[in-house]
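Chain letters run A, B, ... following the sequence lines, proteins first and then strands; every chain starts at 1.
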Amino acid sequence: MSDQKRLFLVDAYALIFRGYYAFIKNPRINSKGVDTSAIMGFMNSLLDVIKRERPDHLAVCFDKGGSADRVEMFEAYKANRDETPEAIKVAVPYIEQILRAMHIPIMVKEGFEADDVIGTLSKQAEKEGYKTFMVTPDKDFAQLVSDNIFMYRPVFGGGYETWGIEEVKKKFEVDDPLQVIDFLGMMGDSSDNIPGLPGVGEKTAKKLLAEYGSMENLLANTHELKGKMKEKIEASKELGMLSKKLATIMLDVPVEFDAKDFELDHPDIQKVTKIFQELEFRQLLSNFQKTFAVEDSSAETDTEETPSKENSKTPKTSKPSAGAGQFSLFDAQGNEDVIVSTQSSRNTSETTSHLYQSIAPGLATKLFIQNLMKQSSVCFDTETTGIDPITAELVGIAFSWEVGKGFYLPFPENKDDAQELIEQLRPFFESETIEKIGQNLKYDIKVLRKYNIKVKGKLFDTMLAHYLINPDMRHNMDVLAETYLNYTPISIEELIGKKGKNQLSMRDVPLEKQTEYAVEDADVTLQLKEHFEKELGEANTQKLFDDIEIPLLRVLADMELEGIKLDKEFLNSLSEELDNDIKNLETNIYKEAGEEFNIASPKQLGDILFDKLKLVDKPKKTKTGQYATSEDILSYLAKDHEIIKHILEYRTLAKLKSTYVDALPTQVEASTGRVHTDYMQTVAATGRLSSNNPNLQNIPIRTERGRQVRKAFIPRNDDYTLLSADYSQIELRIIAALSKEETMINAFKHGEDIHASTASKVFNVPIENVTREQRSNAKTVNFGIIYGVSAFGLSNQTDLSRSEAKELIDTYYATYPKLKSYISEQVDFARDHGYVQTVLGRRRYLKDINSRNAVVRSAAERNAVNAPIQGSAADIIKIAMINIYNKLEAGNYKTKMLLQVHDELVFDVYKPELDTIKSLVKMEMENAYKLEVPLDVDLGSGNNWLEAH
DNA sequence: TGGCGCTCCTA
DNA sequence: GTAGGAGCGCCAA
């Protein structure tokens, strides 16, 4: 950096609002009931800027009395801004007080906005040779950017970005920062009540700006525009010029830049401390003291007066220059071989006594591990730098084996040192005899696997336990602790802040806090385990837990870490093709509609189709009062209107492009070059898995165009091939077996086409004479049964009328009488017991089964029918997965299991192993569970997922 | 910036 | 009629 002097001008209200909204979900209320969110948010940002940048000159600018000039120009200007929230009103006097105590000048000018004050000051400072940084998130300021004036913007996820001329040009697609005024004038700004040109949003504004360069030039050439846009803009020329004026920041405010006055001075630490204590800002106070520690010796005196523990532990030698609030993880210098007790009680819950200790490196760690190895059952919890286990690094591990007590082992940031430490723990994690307890162990296992540690021995996962005990509830630790232990753990947000704005990494949290948080989690998890252990036995789900969910956890961890290879180039070319077609459709649709609009907006689309084009007399509406434009409604109209056909195709292609073709390549993990989905083992109430980030269980297959996406999923290299194995009609087989419906069982035993067989019986024709339509209707009823049919639903799904549908269902039940009685037995069972269960005893509780509300009750009854079927199918494939996994491990195969899609498994097969694997997989899947109906598995292999099908 | 509604993809 | 996840538009806090 040059020795040019640097001036920082802070936009007070913008940062206050930002701070306030950052805490909107759980506002900071102190013991006196004052909402301090806004003050805290603002002070955090201010200290952050000072700490990072150490400015020579600094001032904070406020608005006062709104802009008289602007209000005169446009009466609606800022008129219908919402009432300022109470917390912000309270905040301002406090902030002014603090700023005065910090000796930071406050700039306000009656009748001017902070924008104008900052604009004027920065131009003045520029003339005097300063570099000015405008601290604000507000994009309006971009118009002021020059060679010596920059925006200093807090960004999503923490940190700041500096916008110079180049950045502004790029962001706004302009040639000169001054054009930002034209841009804002065209687009408008609802929060500032700048009206903008009607129908012009961000995209159009950029387009117009690129073409015309300025508002004036655009308005002078409106004859070149066409269609609706031409009309609208021509009618709004005055509004356009007005908007531009409103967006212009004034540079002639009567304020004076005074270099001396703006110099960043030593704060009056005592005064600031007093205010912070009054507000109960402990963390902020210690942060403040650290920031100014070197410059003012009174900081140390003050520190001792502070009652808070973390402050008394603030290392007095730590210089701010050492980095952004970094705390050495091993700050127990001089006695590093001793176990250091950090805190012995929580500030918030005095009712709970506990002893949480952090372990220093060296001898203390050795002694700790010796002790650890003597335990028979230990709860542990890893703390990492992020939530994605593939990129996250260990920050520490908490251990607990006695309620109320526990230890925290911090990990060094250096990779080699971290590996060295984890090696010391290897005997523990790989011990077959020590039981490991955790909440969501799949995560910890994946993290540890990256350090080349395979967790062995018995496992107890409290999240999985609770999933079996009560699948309909949520299973995160905070909820469980509150429900079962009547205890509220420290929230992660308290530690690292809300996600997004300035969220810290666990590594930035002081060791004492890490210890409290991490060990508390381990302690709570241990207590939950004791609780759930009993309940598992009572619910008779112990076997399901021990034999299915726990073993499956390791299987899933491996599948997720493995990931699947994606052909990015292929998707890119697919994207281009789609883009082409979408653009063509767009042109056609606009032509047919007579104007341009956002086809992706159901609202706008509905207005065009039904208000403007009046395609239907009485259009259907959704419950929110919009016109319904869903696929089934539109396809009904498609034969009469060309535009509908185009819209439907547009939607299909746009969806395909945005959800799959464009999204998937961005989900490829850089370090592995593969996509790693995350299987959720505890969300589906029926026992199924779900998949996300990305969801690989909903990759298109039904349409020709859509299924192309599957070609992008490929084997790891030429030595491998993809194998897909899927259960044929597993749910129908299950219902046939459970209901003991002989007719259906026999059809399966004879390998008949089940839908044709059903049609033949229901319509009373020989199976070879079944028509396509008959088969299709039979198929719909077959599926309907699984979902809990109604005549209404069936008639909606087919061309049949309500009464025809009812007749079909009646005949169906007459053909399969046992099926009918099975269904009523399930409902009766649910009424009597309050739950239904799968073949393995997985329960789903149905609290609404006896509801007096018929709609609610019917829904529960459908669940009573469907849950055991869907759930049993889930049970069966889970067994198959575990068995296959074990065989693959035992046989040391190179083949890996990659994906599960409810009734399908996908493998990356080493070609020489293909035949063996095929029969192994088929064998394990078909024999995973014995039913009276044979299970049948179809296999396919190929160079991509589509070919494998 | 977050949540909700709508739509659409899967088994 | 069952079970999910995700992208987009839109509006509010």
Looking for any heavy atom pair under 4.0 Å, which part of the strands does [X] touch: base, sugar-phosphate only, or nothing?
X       : value
S858(A) : nothing
R702(A) : base
R707(A) : nothing
R688(A) : base
I699(A) : sugar-phosphate
I701(A) : sugar-phosphate
Q604(A) : sugar-phosphate
E631(A) : sugar-phosphate
V683(A) : sugar-phosphate
T677(A) : nothing

- Message: How many whole angstroms separate atom CD1 of I734(A) from atom C1' of dA11(B)?
- Response: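 Spelled out: CD1 on I734(A) to C1' on dA11(B) is 13 Å.
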- Task: Nearest whole angstrom, please: distance from the C1' of dG5(C) to the NE2 of H902(A).
- Result: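 The distance from NE2 of H902(A) to C1' of dG5(C) comes to 10 Å, rounded to the nearest Å.
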By nearest atom, which of the nucleotides [options] is closest to the [X] side chain?
X       : options                  : result
N698(A) : dG5(C), dA11(B), dC10(C) : dG5(C)
R710(A) : dG7(C), dT10(B), dG4(C)  : dT10(B)
P700(A) : dT10(B), dG5(C), dT7(B)  : dT10(B)

- Query: Between F610(A) and Y627(A), what is the ring plane arrangement, given parallel below 30°, perpendicular above 60°, and tilted in between?
  - Reply: tilted
- Query: Where each residue is assigned the nucleotide of DNA chain C containing its nearest heavy atom, which of A685(A) and K603(A) is assigned the position nearer the 5′ end?
  - Reply: A685(A)
- With sequence neighbours excluded, tell me which residues meet ring pair (Phe, Tyr, Trp, His ring centres under 6.0 Å) with F570(A). none
- Message: So which atom in L732(A) and which in M744(A) form the shortest heavy-atom distance, rounded to 0.1 Å?
- Response: O-SD, 4.3 Å
- Message: Looking at every non-hydrogen atom in both residues, tell me the closest pair between E731(A) and I786(A) and how far apart they are.
- Response: OE1-CG2, 3.4 Å
- Message: Can you see if the side chain of N598(A) gets near the phosphate of dG9(C) - specifically, an N or O under 4.0 Å from OP1 or OP2?
- Response: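 For N598(A), the contact criterion (side-chain N or O under 4.0 Å from OP1 or OP2 of dG9(C)) is met.
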- Dot-bracket pairing map - DNA chain B, Watson-Crick plus G-U, both contacts under 3.5 Å, | cross-strand: |||||||||||
- Among L585(A), T629(A), L656(A), side chain to side chain contact (heavy atoms under 4.5 Å, CB included) partner for R651(A):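 With R651(A) as partner, L585(A), T629(A), L656(A) yield a single side chain to side chain contact (heavy atoms under 4.5 Å, CB included), made by T629(A).
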- Message: Any N or O donor-acceptor pair under 3.5 Å from the base of dT10(B) to the side chain of Q697(A)?
- Response: no
- Item | Pair Y727(A), D938(A): side-chain N/O donor-acceptor within cut-off below 3.5 Å |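 Not at all, the side chains of Y727(A) and D938(A) share no donor-acceptor pair under 3.5 Å.
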